[in-house]
Amino acid sequence: AAAQDDLVAAGEKVFVKCERCHAVGPPTKFKKPGPHLNDLFGRKPGGLPDYERYSEALVAFGQDKIWDEASLTTFLHDPQGVIKGTKMAFLGLGTDEEINAVLAYLATFDPDGAAPK
């Protein structure tokens, strides 16, 4: 449990690289250019119903997929390489350690954005 807590804490620090465009937490924080990332795992890429600015490329990519650890890891290494035409300008996270940490952090948020415990 302590190791998982450390990983989540590390992920919160890595998420600083993401928070310019993405929010987690209570819906009042959702005034960002990108979609919120609450309850991300199991969600269809490009499928958040209340977000209307997805690229056509992301919507097409997500037709037969869901975000899980494997798909997010691949995407976060090279967003533009995985989805040609994505609006996500971020070049990706550099290491598996960063990706694992940020995914552990994101996994703590439920649909309502309940804060990590």
Side-chain angles (χ1 to χ4, degrees):
Q4 183 66 21
D5 291 345
D6 290 347
L7 189 61
V8 169
E12 185 174 10
K13 290 177 182 164
V14 173
F15 190 74
V16 168
K17 297 178 181 185
C18 312
E19 67 187 8
R20 180 174 182 194
C21 295
H22 296 283
V24 290
T28 56
K29 296 172 65 176
F30 296 163
K31 293 173 177 61
K32 305 274 184 168
H36 73 76
L37 302 180
N38 291 341
D39 200 32
L40 180 62
F41 294 87
R43 191 161 82 195
K44 179 192 253 188
L48 188 64
D50 58 348
Y51 184 78
E52 300 174 355
R53 293 183 277 176
Y54 288 115
S55 65
E56 290 180 21
L58 182 63
V59 172
F61 170 83
Q63 288 304 304
D64 60 349
K65 296 174 182 63
I66 61 162
W67 287 129
D68 59 18
E69 190 172 323
S71 61
L72 284 164
T73 297
T74 301
F75 179 68
L76 290 175
H77 270 295
D78 183 12
Q80 291 85 13
V82 173
I83 304 174
K84 304 281 189 231
T86 182
K87 291 180 183 178
M88 189 162 147
F90 185 67
L91 296 178
L93 294 172
T95 67
D96 285 336
E97 291 77 18
E98 283 186 316
I99 292 170
N100 291 338
V102 81
L103 293 181
Y105 175 66
L106 291 174
T108 65
F109 290 92
D110 70 13
D112 298 320
K117 297 173 178 55

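- Summarising the geometry of P45 relative to K65, their closest heavy-atom pair is CD-O, 3.3 Å, with the distance given to 0.1 Å.
- For the atom pair CG (L48) and NE2 (H36), the distance works out to 4.0 Å, reported to the nearest 0.5 Å.
- The two residues R43 and N38 make their nearest non-hydrogen contact at NH1-O, 3.0 Å.
- Side-chain N or O atoms of D68 include one that pairs as donor or acceptor with a backbone N or O of A70 at under 3.5 Å.
- Here the straight-line distance linking atom CD1 of I66 with atom CG of L40 works out to 10.0 Å at 0.5 Å rounding.
- Both W67 and Y51 belong to a common hydrophobic cluster when Ile, Leu, Val, Met, Phe, Trp and Tyr are linked at side-chain heavy-atom distances under 4.5 angstrom.
- Heavy-atom minimum distance, F15 versus H22: CZ-O, 3.7 Å.
- Note that CD1 of I83 is 10.5 Å distant from CG of D78, once rounded to the nearest 0.5 Å.
- Residues F75 and V59 share a single hydrophobic cluster, defined by chaining ILVMFWY side chains whose heavy atoms lie under 4.5 Å apart.
- Of all heavy-atom pairs between C21 and K32, the closest is O-CB, 3.1 Å.
- Between Y105 and V24, the closest heavy-atom pair is OH-CG2, 3.8 Å.
- Not one N or O on the side chain of E12 forms a donor-acceptor pair closer than 3.5 Å with the backbone of L106.
- Residues T86 and A57 share a closest heavy-atom pair of N-CB, 4.1 Å.
- To the nearest 0.5 Å, the span separating OG on S55 from NZ on K84 amounts to 13.0 Å.
- Distance check: L7 CG to N100 CG gives 6.5 Å after rounding to the nearest 0.5 Å.
- By the 6.0 Å contact criterion, CD on Q63 is enclosed, its count of non-hydrogen atoms from other residues, nucleotides or ligands being greater than 12.
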* To do: In sequence, state the C-alpha distance, the side-chain angles, and the governing distance for F109 and L37, and then conclude on side chain to side chain contact (heavy atoms under 4.5 Å, CB included).
  => CA-CA 8 Å; F109 290 92; L37 302 180; over 6 Å; no
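- Atom CD of E56 sits in a sparse spot, with 12 or fewer heavy atoms from other residues, nucleotides or ligands closer than 6.0 Å.
- For the atom pair H77 NE2 and D96 CG, the distance stands at 4.0 Å (nearest 0.5 Å).
- The main-chain N or O of R53 is found under 3.5 Å from a side-chain atom of K87 such that the two form a donor-acceptor pair.
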